[in-house]
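Report on one structure; see the data block that follows.
Atoms within each ligand, like the ligands themselves, are counted from 1 in listed order.
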Amino acid sequence: MKKLLLVKYAPEIFLKGLNKGKFERKLIDNIKSVLKDLKYDFVNDTGRWFLEFEDIEEGLKRVKRVFGVSEVCVVTEVEADMEEIKKQALKEAADIKADTFKVQTNRANKSFPGTSMDISREVGAYILMNSEELKVDVNNPKGVINIEIREKAYVYSKRVKAEGGMPYGTNGSTMLMLSGGIDSPVAGYMMARRGVQLNCVYFHSHPYTSERAKEKVKDLANILKSYTGDVKLYVAPFTEIQMQIIEKCREDELTIIMRRFMMRVACRLAELKGINSVTTGESIGQVASQTMEGLVVSNDVADRPVFRPLIAMDKVDIMDKAREIDTYETSILPYEDCCTVFVPKHPKTKPRLEEIRKSESVLDIEKLVEDSVANCEVY
Ligand code: ATP
Ligand code: MG
């Protein structure tokens, strides 16, 4: 008798037809990559994935974070023998802390006697006979005892909801503009959860933004990495660009011109690294630069799709999500970012494209972008 994890993946992967195998293999690789430093055994028993660990709690904690895994069940393996199954089912029934239950059987091993129904009925009757408080409720039970019969039999009632989504690395790549704020890590998480490979760029205005602000962004990238197994972070120098804008452009246009430069550098870097899209943490109406007009003007300089997964989310919901994915506590640490250091008093909320293009034409745009890209540090 031993305890194992039974890993189930998102129903969406079942629907991939001929490509299903490719998604499954990627998911298995990703699971193995987050378990690299643990002692474990992986068994693929005709489409059912079983994991055995020395430290099952740690294994569970890691596997449920892997995108594409929809559920992890803690199962007990016993001999495929009716008496063994009944004994274990009774133990599970005592653990479920519910007053009503049902038994559900999946008989993959067709040489095992009886139908699935017969087995469920017999085990259910045994539990009823040997426990005082429990009643059967087949329609709306508070607890379900699952039995899976293969070479061996597996009995379980504990099912842990996992991340869901698609296996990381199966849906192209994106350059996430990662600031130290609350929003952009959530945006990155949402893209990665759909299988998109993440690369991050952080615009750093040394010495106006501190080393600690940069460390905070690295910490956020590391939290994202705990889901994906890998994340590259580019730190792009932004001081010269900001200085030039402040010196040569109108104060109320600083923010929007700065955002156009961020977009240009992100796109250039993406091009250089063979990355097909850009992602930001923008949400419509949240701040002065995130008006529809502002988004149109900053999008104007992009040469590839720009994804804004938070665009229609409320701030409170984004904050809840940040707490759920463990980035919130790091995001709220009070180190200034380059936008807070250089905020104009009255930024334009309805910038006009023609005007902004004209205002920034006094700058040597190409050189500023090229210098920032050329001097990126990589982590
Ligand atoms: P966040 O909480 O993600 O910082 P925000 O609400 O503070 O977002 P802005 O400062 O207007 O909003 O930034 C909008 C988006 O631009 C951010 O979500 C992020 O994707 C990108 N961004 C802003 N500042 C930086 C920076 N210093 N480095 C990289 N990306 C940035
Ligand atoms: Mg910000």
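Taking a cut-off of under 4.0 Å to the non-hydrogen atoms of I182, the atoms of ligand 1 that pass are 2 (O). The contact set between ligand 1 and T280, taken as ligand atoms under 4.0 Å from a residue heavy atom, comprises 20 (O). Here is the list of ligand 1 atoms found below 4.0 Å of a heavy atom in G181: 1 (P), 2 (O), 4 (O). Atom numbering of ligand 1 starts at 1 in the shown order; those under 4.0 Å from a heavy atom of D183 are 1 (P), 2 (O), 3 (O), 5 (P), 6 (O), 8 (O). Each of the atoms 27 (N), 28 (N), 29 (C) of ligand 1 lies under 4.0 Å from some heavy atom of Y202. Of all the atoms in ligand 1, the ones that sit under 4.0 Å from a non-hydrogen atom of V287 are 11 (O).
Electrostatic pairing of K152 and D45 does not count as a salt bridge here, judged by no charged N lying under 4.0 Å from a carboxylate O. Electrostatic pairing of E293 and K348 does not count as a salt bridge here, judged by no charged N lying under 4.0 Å from a carboxylate O. Salt-bridge formation is not detected for the pair D364/K248: no Lys NZ or Arg NE/NH1/NH2 atom is positioned less than 4.0 Å from an Asp or Glu carboxylate oxygen.
Scored by the side chain to side chain contact (heavy atoms under 4.5 Å, CB included) test, V196 finds N171, T174, M191 as partners (sequence neighbours excluded).
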| message | Let's go through D320 and R323 carefully: what are the C-alpha distance in whole Å and the side-chain angles of both, what is the deciding distance for salt bridge (charged side-chain N to carboxylate O under 4.0 Å, His left out) to 0.1 Å, and is it a yes or a no? | response | CA-CA 5 Å; D320 283 348; R323 284 190 197 95; 3.1 Å; yes
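Scanning Q286, E282, Q290 for the heavy atom closest to atom 12 (O) of ligand 1 points to Q290. Looking at R259, K315, M177, it is R259 that brings a heavy atom closest to atom 23 (C) of ligand 1. Closest to atom 17 (C) of ligand 1 by heavy atom, among G294, G281, S298, is G281.
Between S184 and ligand 1, at least one pair of N/O atoms sits closer than 3.5 Å.
Heavy-atom minimum distance, E71 versus A162: N-CB, 3.9 Å.
The proximity of H204 to ligand 1, defined as any non-hydrogen pair under 4.0 Å, does not occur for either the backbone or the side chain. Residue contacts with ligand 1, taken as heavy atom pairs separated by less than 4.0 Å, involve V201 solely via the backbone atoms N, CA, C and O. When non-hydrogen atoms are compared, ligand 1 lies under 4.0 Å from the backbone of L178 (N, CA, C, O) but not from its side chain.
Within the structure, ring pair (Phe, Tyr, Trp, His ring centres under 6.0 Å) pairs that include any residue of residues 135-176 comprise F50-Y154 (at least two apart or interchain).
Side chains of N30 and S33: a donor-acceptor N/O pair is absent below 3.5 angstrom, by distance only.
K216 is not listed as a side-chain neighbour of Y202, based on a closest heavy-atom distance of 4.5 Å or more.
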